[in-house]
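Below is one structure; the comments refer to it alone.
No hydrogens, no waters, no symmetry mates; every other heavy atom, side chains included, goes into these values.
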Amino acid sequence: MDSALIPEGAKRCSFPIFAVGIAIVGAVVLWGVYAMGLIWWKGLNQTNMNDYYGFALWIWADLAVIAVGGGAFFTGLLKYIFKVDELKNIINFAVIIGFICYSSALLILAIDIGQPLRGWFIFWHANVHSMLTEVAFCLSCYFAVLTIEFIPNILENRQANKVPFFHHLAHNMHGVMAVFAATGAFLSFFHQGSLGGVAGVMYGRPFAVREGLLIWPWTFFLFTWSAAAFGPCFTLLVTKITETITGKKLVKDNVVHLLSKISGWMIITYIIAKIIDTIYWATVTVPGLGFNISHFYSNNGFYGYWILVTEILICGVIPGLILIMKSTRENPTLRLVAIVLGVVGVCLNRWVMVLQIMAIPVLSFDTWALYVPSWQEVATTVLPVAYGIILIAVTYRYLPVFPQEKELNYVQPATETK
Amino acid sequence: MNKENIKAHKFGMVIDLDKCTGCGSCMVSCMSENNVPFKEDESNKKDSITWMRVYKLTNGKSFPDTEIAYLPRPCQHCGGKGDHGHSPCVSVCPATATDYGYDTGIVSQIYTRCFGCRYCMGACPYHARYFNWWDPEWPEGMEKYLSPNVSPRMRGVVEKCSFCYHRFQAARDKAYYDGRDDIEENEYQTACTTACPAGAIVFGDLNNPAHRVHEIVKPDPHPASNNPNVVGKSRNPNVFRLLERLGTNPKVYYLSEREWVRKAGDNYLEGEWDNIKNHHGSESHG
Amino acid sequence: MFPFNFEWAWDIAHMVFFGGFWYAISILGAGLTYCILKAAYDTFKNGGESHH
Amino acid sequence: MKVDRRSFLGLGLGAVAGFSVSPVLLKLTDDSSIWTQNWPWTPVPLDGEVMYESSVCSLCPGSCGISVRKIDDRPVKIEGLNEYPINDGGACLHGISGLQYLYDPSRVKTPLKKNGDKFEEISWEEAVSLVSGKLADIRNAGTPEKLACISDKHQGSVSRLFKRLLKSFGSPNFYTMPSLESYLELTAASLHGKGTTIGFDLENSDYILSFGAGIIEGWGSPVACFKANASRKERGATLCQIEPRLSNTAANADRWVPVKPGTEADLALGMCAVILKNNLFNAAAVAGFKGGFNKLTALLQTDYSLSKISEITGIKEADIEDIATQFAKAKMPVAVFGKGRGDSSQSLKELVAVQTLNCLVGNINKEGGAFVQPVKEYLEFPEETMDDIADKGFAQPKLSPYVHDLFDKVNASSQPVVEALFVYQSNPCYSLHDTKAVKQAFGKIPFVVSFSSFLDETAKEADIILPVHTFIERLEDIPSGAGLSKMVVGLSKPVVKPVFNTKHPGDIVFLIAKAIDGSVAQSFEWETFDECLEMAAGNIWGDLSENGYVILSEGVPKAPHEIDVTFLSKAPDSVQPNGDGDLLLIPIDNMRLPSAAQAASPFAVKTISDEELKGKETVVEINPQTAKGLKNYDRVTLTTPLGTAKVMIHLSEGIMPGLVGMAKGLGHSFDNKYVSNKGVNINELIGPVIESGSGLDAAFGIKTKISKA
């Protein structure tokens with residue numbers, strides 16, 4: 001019934017099946033929206049946050065989605081600035097994922113603040129010394145960029161494209177996309193970084209504070225780098241999931257291998273920097289403030305060295321190595337493992353840089369503060385995921401997201417073409 | 001930003017922890033002075049708004065050698081690294097809703113400007129900042145006792161001790177009215193200071209050698225030899241500041257003759273304390 | 001955000017920060033405007049035909 | 001043109017674009033944020049002219065001078081009054097919270113009459129006629145002595161008026177709740193003769209030996225004690241605290257000596273023995289001892305030997321000897337008694353034993369010592385007019401010496417020994433031991449009239465409630481200085497118009513008396529309480545109304561004193577706790593938690609530690625050794641002979657093993673969600689233990705068991 005909207009020559013499931021799928025996920029969205037309404041109506045007392053946990057689950061989710069959404073700007077950077085042309089076959093999808101991540105991030109921020117109706121003060125009364133101000137500005141600007149990058153793809157919809165103006169608009173936007181991509185990269189560098197800065201500048205919090213370059217603590221650069229490194233992992237992961245669900249091959253292996261390879265080297269370089277940073281912090285910064293790092297990983301019911309090991313070794317070094325070595329990289333299973341570990345790793349890093357900071361006592365007579373999110377927090381955190389699934393489903397169904405789809409699925413659908 | 005203005009005040013306090021009895025007068029005086037709300041259950045101290053909170057410290061020894069001390073904790077009104085006014089909270093507030101008064105050294109909070117991002121709370125190691133998770137509510141009629149000097153806060157914003165800034169304004173206005181160009185020491189005293197039955201709190205201008213707080217603290221105007229971030233360290237061996245090594249440079253000092261209490265003021269590595277306790281307070285290796 | 005907000009100061013921090021910001025904004029604005037105008041132009045040039 | 005899908009789409013997009021560039025959005029955004037800055041449900045206090053009025057706080061016996069800041073006619077802040085002889089500027093948290101009592105949700109807003117188990121509002125006329133009618137019946141029945149009255153104290157004009165009402169009515173049954181003052185007078189009566197009382201010169205003493213007196217827990221006149229304690233540093237005075245638990249006082253003291261609960265009396269006598277044995281006593285002072293001093297000496301040497309006392313009290317012999325010696329050798333030593341706040345049950349043996357220490361070292365009426373002098377009476381009332389009924393009834397013996405056994409008597413007898421009971425400024429149904437029994441007694445008394453500002457536990461048991469002004473709504477003379485070296489009377493003034501339809505207790509007494517008519521009415525010929533007070537205060541009224549206070553006595557009393565040790569020489573036994581548990585439950589007095597007539601304010605409750613109250617549950621304090629593997633905030637069931645309570649536990653190294661410490665002042669049950677239904681009232685778990693020889697309720701705790709809930 002909606003065949004008129006489906007890209008020419010593309011095979012899609014029947015509309016009823018599609019509708020049912022959307023309905024199921026839609027229910028989750030409604031749950032999240034209900035929780036969101038509660039929070040806006042009754043206030044943040046609906047959460048389990050408290051004066052020790054001013055930053056909690058949401059801020060973690062926020063940082064996490066932005067980190068994994070980093071695939072968009074990095075892929076864009078490679079495609080449009082460094083002219084890595086193969087990536088044109090995945091850039092659309094990268095942009096869509098980025099769009100989902102960043103729109104979610106903005107939504108979460110709108111829920112998280114105590115006075116949503118005053119949220120715009122962050123722009124209007126901006127304090128340029130605050131990392132959060134930098135985040136807000138760059139985040140929203142970059143979201144605009146993503147929207148701009150997304151528009152041409154939308155206009156390529158079979159019906160929309162019939163409108164000459166839209167057709168030309170899409171065409172022209174492709175033409176100058178490099179300019180947008182460059183701006184996007186610039187903005188991303190700063191907001192990814194300043195998100196890291198948010199933690200790094202908290203010199204009242206020995207676990208978070210880092211020395212740095214000029215006004216930027218090392219976490220600034222580590223966050224940008226990690227987003228660029230693990231973002232593509234997420235893009236590849238979501239592509240893999242989409243391929244599995246649709247039972248179609250959507251992106252050629254050479255593209256996947258290339259992106260994996262780049263991601264791999266980024267991860268390795270990042271994790272080396274991260275290890276150096278950790279060692280310097282643990283042996284110089286923190287002792288100078290009177291702490292042993294053991295203080296941060298003991299005397300509590302949850303946080304132990306395991307989290308440090310998991311983040312850096314298991315979810316950093318290992319995926320990095322897998323992805324830089326041709327043999328392992330081109331083994332689908334190992335690659336998948338690496339990609340998953342990578343995504344987990346970057347999310348874990350953001351968790352540590354938000355929630356563990358809040359948990360650790362700084363005053364010698366204070367105690368660890370652990371917290372469990374309320375269902376409202378969980379629901380509003382699940383919301384973006386559900387919303388993302390729906391948006392991907394819709395865009396995949398109606399837009400020519402994967403340029404190689406037709407070619408790959410023309411002769412013998414859903415088989416590897418080596 | 002008249003940082004270098006010599007006439008600038010630097011209000012601060014010193015609290016004698018040997019006199020403090022943990023009676024709670026300062027907490028309540030603060031609450032009623034500043035229209036602090038209360039709710040049905042205040043036993044979860046992690047969401048209980050107490051601008052002035054009295055911590056209970058123990059020396060960790062077992063019966064009968066155990067000891068207790070009480071430590072009142074208002075906002076520390078940090079001067080920030082090098083005492084340049086970039087307090088941990090002020091420097092992070094994205095909307096300029098909290099600001100550093102270079103003429104008073106007081107860290108302000110503008111409730112109508114705050115949009116509740118709570119970054120300042122994360123940045124404050126003293127947990128001196130409190131969020132209004134709920135709408136403030138008073139039993140019927142009780143709102144009649146609210147003071148017009150401090151506006152009640154709406155839900156969704158951060159609040160904290162202001163060193164009773166409205167009392168400073170009142171004193172300053174009076175001085176201006178009387179044609180004096182400055183206020184007297186006793187004209188501006190915080191609600192906790194005046195209430196303390198033990199007289200444990202001394203408040204005044206750390207820049208004014210004639211003020212008692214200055215006499216007791218004897219702040220060192222120069223950066224600490226081993227940590228340029230630390231300014232205003234006390235020259236009194238029994239006086240210390242909380243987490244001084246972080247370089248937050250609080251304007252609230254504490255006084256105690258008990259070594260274990262002074263040690264509890266900061267964090268030390270194995271053996272560090274023994275090396276430095278003799279030449280006083282909390283040295284930093286930063 | 002604007003020089004008429006009272007937080008505004010003509011110091012280096014503001015110039016750098018908002019310099020960057022307004023620069024980015026204007027690039028995006030300019031880019032978009034160009035695309036739209038060009039698209040409109042093309043549309044009429046080809047007499048509303050989407051193929052060329 | 002025909003609107004096809006394409007142009008429709010275009011129009012739609014155009015509309016959206018147009019709207020988003022229009023100023024509408026900006027305006028809306030701006031307005032909405034301004035709205036959040038002026039939410040109608042967030043109060044905006046009215047501004048006005050600032051005024052300060054000085055008065056006196058009567059929330060506790062401390063009776064501090066207060067300064068009330070007002071905006072026009074609205075009081076907005078209570079602060080300590082500078083230069084007031086008791087507190088000179090300082091204030092305690094309860095006084096500062098005073099305004100919260102004014103608007104307390106549990107205020108009684110108008111006279112109430114019990115109807116079934118509910119109260120209904122009635123007019124003052126009806127209320128007074130109901131009361132006077134009932135009283136008239138009692139009188140006509142020729143049994144006026146069956147009218148009883150409980151007040152917080154016997155000093156002060158209002159209490160005097162109640163007493164006067166009873167006498168002219170024909171009843172001797174006027175009772176006061178236990179208080180530090182009452183214990184000071186009992187001790188003085190036993191050692192120094194009736195009508196005298198004791199004050200301690202804490203601010204000048206150089207060695208304070210405190211037998212559990214919570215000098216910074218709210219003992220005596222709290223703020224004055226805080227100041228005296230704080231000045232120790234400068235004065236170089238030593239505080240030695242003898243107490244089973246590391247209270248704030250113990251923590252603040254120079255020396256803390258943990259003692260087995262209930263053995264304080266023996267310790268004091270043991271120290272007396274040491275002082276006598278080592279000739280550390282003041283010979284001149286001891287020469288004047290009466291009442292069998294030699295007998296006492298002999299007794300001390302035999303029954304109170306170091307080894308024995310060390311075993312009983314759990315304190316090393318060396319420590320006992322050392323402390324006794326330090327005490328005796330100090331220039332201005334003083335031994336202080338009255339466990340906790342000093343207002344709950346005490347053993348006379350302990351009080352007298354401690355005071356005997358003072359007598360032995362001869363610091364009675366010396367600077368820095370214990371001041372013994374007659375109770376200063378500053379009020380003069382004309383003789384009551386007594387008719388035959390009055391004379392006959394008043395001649396009857398008092399039903400019982402103390403308030404707690406009054407209720408025992410009521411419960412014991414089948415027909416009412418008390419026909420009508422007045423309760424003023426006290427809350428026996430909450431603050432006496434074994435509250436269940438007390439409530440039962442209230443049930444058996446046919447007619448109970450409560451003169452209370454709040455619908456508290458006792459008011460709830462009353463048949464009629466005559467609501468009185470709170471302390472900042474009324475004029476009253478406030479005698480103060482409990483336990484202090486100076487005696488002061490302050491004048492509490494109405495700083496705010498009565499918020500509800502309440503009256504001054506004095507005026508209510510007049511109304512009732514006048515309604516009873518006859519000789520009773522003749523004893524009350526004043527129009528208003530103000531007029532009455534002015535008359536009664538007589539010669540000091542001028543200064544009192546002028547300065548707001550009058551100092552009745554200050555400095556070392558010149559008055560001669562006698563010392564009579566008869567009570568001790570009769571070798572009284574020490575009291576033993578009831579019950580059979582393996583642990584001992586003891587009450588904890590804490591400055592932040594009032595335990596007597598006045599409940600805590602919302603502000604005060606907010607300051608209570610989460611080591612005492614968590615959510616709605618009491619947290620008890622026990623030593624880790626006693627805890628046997630229990631963790632902080634584990635739930636346990638406390639069982640005593642009187643009942644059980646579910647509580648949480650807090651492990652503390654500051655309490656002697658074998659003890660369970662429970663905060664006093666929790667577990668209120670009236671209508672104020674910020675204060676009530678939080679934790680358990682320890683008085684429901686502890687029953688009275690009557691001390692032989694004194695008849696006092698001397699229960700210092702009760703045996704208890706704990707089991708994991």
Side-chain angles (χ1 to χ4, degrees), chain A residues 42-47 49-56 59 109 112-136 198-199 201-206 208-209 285 287-292 295 354 357-358 361-366 369 371, chain B residues 44 46-49 55-58 71 78 81 86 88-89 91-97 113-127 129-135 154-158 227 229 242-243 245-248 263-270 272 282 284-286:
Chain A
K42 294 188 171 177
L44 293 177
N45 50 52
Q46 297 296 300
T47 72
M49 286 191 274
N50 55 46
D51 296 329
Y52 276 53
Y53 273 94
F55 283 175
I59 298 297
L109 287 179
D112 177 70
I113 56 180
Q115 287 282 354
L117 294 174
R118 295 185 205 166
W120 55 284
F121 285 10
I122 198 172
F123 302 108
W124 199 254
H125 299 296
N127 165 20
V128 295
H129 301 286
S130 170
M131 284 292 168
L132 208 55
T133 313
E134 203 169 314
V135 172
V198 163
V201 297
M202 294 202 280
Y203 64 92
R205 296 279 194 166
V209 69
T285 313
L289 302 171
F291 292 89
N292 286 311
H295 174 83
V354 174
I357 293 172
M358 298 297 145
V362 182
L363 289 162
S364 72
F365 44 85
D366 210 343
Y371 126 111
Chain B
N44 174 4
K46 288 184 170 64
D47 67 16
S48 175
I49 301 178
Y55 281 92
K56 184 180 180 182
L57 279 55
T58 58
L71 185 141
C78 302
K81 287 185 177 173
H86 303 303
C89 51
S91 53
V92 300
C93 175
T96 338
R113 172 78 62 78
C114 173
F115 66 87
C117 75
R118 307 182 299 285
Y119 190 7
C120 54
M121 297 170 67
C124 173
Y126 306 101
H127 296 295
R129 296 180 153 269
Y130 295 88
F131 186 73
N132 284 272
W133 302 100
W134 288 267
D135 278 304
M154 64 288 294
R155 175 231 289 172
V157 302
V158 171
N227 184 348
N229 293 333
L242 291 177
L243 304 173
R245 307 175 72 168
L246 297 183
T248 51
K263 188 179 178 209
D266 212 329
N267 298 282
Y268 300 95
L269 299 176
E270 216 49 53
E272 254 183 343
S282 48
S284 169
H285 298 193

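Taking CZ of Arg113(B) as the reference point, atom CD of Gln115(A) lies at 13.5 Å (rounded to 0.5 Å). Taking CG of Asn267(B) as the start and CG of Leu289(A) as the end, the distance is 9.0 Å to the nearest 0.5 Å. Atoms OG and CG, from Ser364(A) and Leu242(B) in turn, are 8.0 Å apart once rounded to the nearest 0.5 Å. The structure places CG of Leu57(B) at 9.0 Å from CG of Leu363(A), a figure rounded to the nearest 0.5 Å. Rounded to the nearest 0.5 Å, atoms OH (Tyr203(A)) and CG (Leu246(B)) are 9.0 Å apart. To the nearest 0.5 Å, the span separating CG on Asn292(A) from CD on Glu270(B) amounts to 7.5 Å.
Comparing Arg118(A), His295(A), Met202(A) by how many heavy-atom pairs each has under 4.5 Å with chain B, the most go to Arg118(A). Of the residues considered (Thr133(A), Val135(A), Leu109(A), Ile113(A)), Ile113(A) shows the highest number of contacts with chain B, using heavy-atom pairs under 4.5 Å. Among Asn50(A), Leu44(A), Val354(A), Val362(A), the residue with the largest count of heavy-atom pairs under 4.5 Å with chain B is Asn50(A). With chain A as partner, the option from Val158(B), Asn229(B), Asn44(B), Thr96(B) having the largest number of non-hydrogen pairs under 4.5 angstrom is Thr96(B).
The aromatic rings of His129(A) and His86(B) are tilted relative to each other, their planes meeting at an angle between 30° and 60°.
Contact detail for Ser130(A) and Cys93(B): the closest heavy-atom pair is CB-O, 3.7 Å. Nearest heavy atoms, Pro125(B) versus Gly204(A): CB-O, 3.0 Å.
Under the 3.5 Å distance criterion, with hydrogens and angles disregarded, a donor-acceptor pair is assigned to the side chains of Trp133(B) and Asp51(A).
Using modelled atom types, no side-chain atom of Tyr53(A) and backbone atom of Lys46(B) make a donor-acceptor pair closer than 3.5 Å.
Within 6.0 Å of NZ on Lys42(A) lie no more than 12 heavy atoms contributed by other residues, nucleotides or ligands.
In this structure, chain B has no heavy atom under 4.5 Å from any part of Val128(A). Only the backbone of Ser48(B) comes within contact range of chain A, judged by heavy atoms closer than 4.5 Å. Interface remark: Thr285(A) contributes no atoms to any contact with chain B (heavy atom separation under 4.5 Å). Using a 4.5 Å cut-off between heavy atoms, Ala369(A) touches chain B through backbone and side chain atoms alike. Contacts between Cys117(B) and chain A at a heavy-atom distance below 4.5 Å involve backbone atoms as well as side-chain atoms.
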### Task
Evaluate the side chain to side chain contact (heavy atoms under 4.5 Å, CB included) criterion for residues Ile59(A) and Tyr119(B): first the C-alpha distance (whole Å), next the side-chain angles of each, then the deciding distance (0.1 Å), finally the verdict.
CA-CA 11 Å; Ile59(A) 298 297; Tyr119(B) 190 7; over 6 Å; no
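Ring-centre distance between Phe365(A) and Tyr55(B): below the 6.0 Å cut-off.
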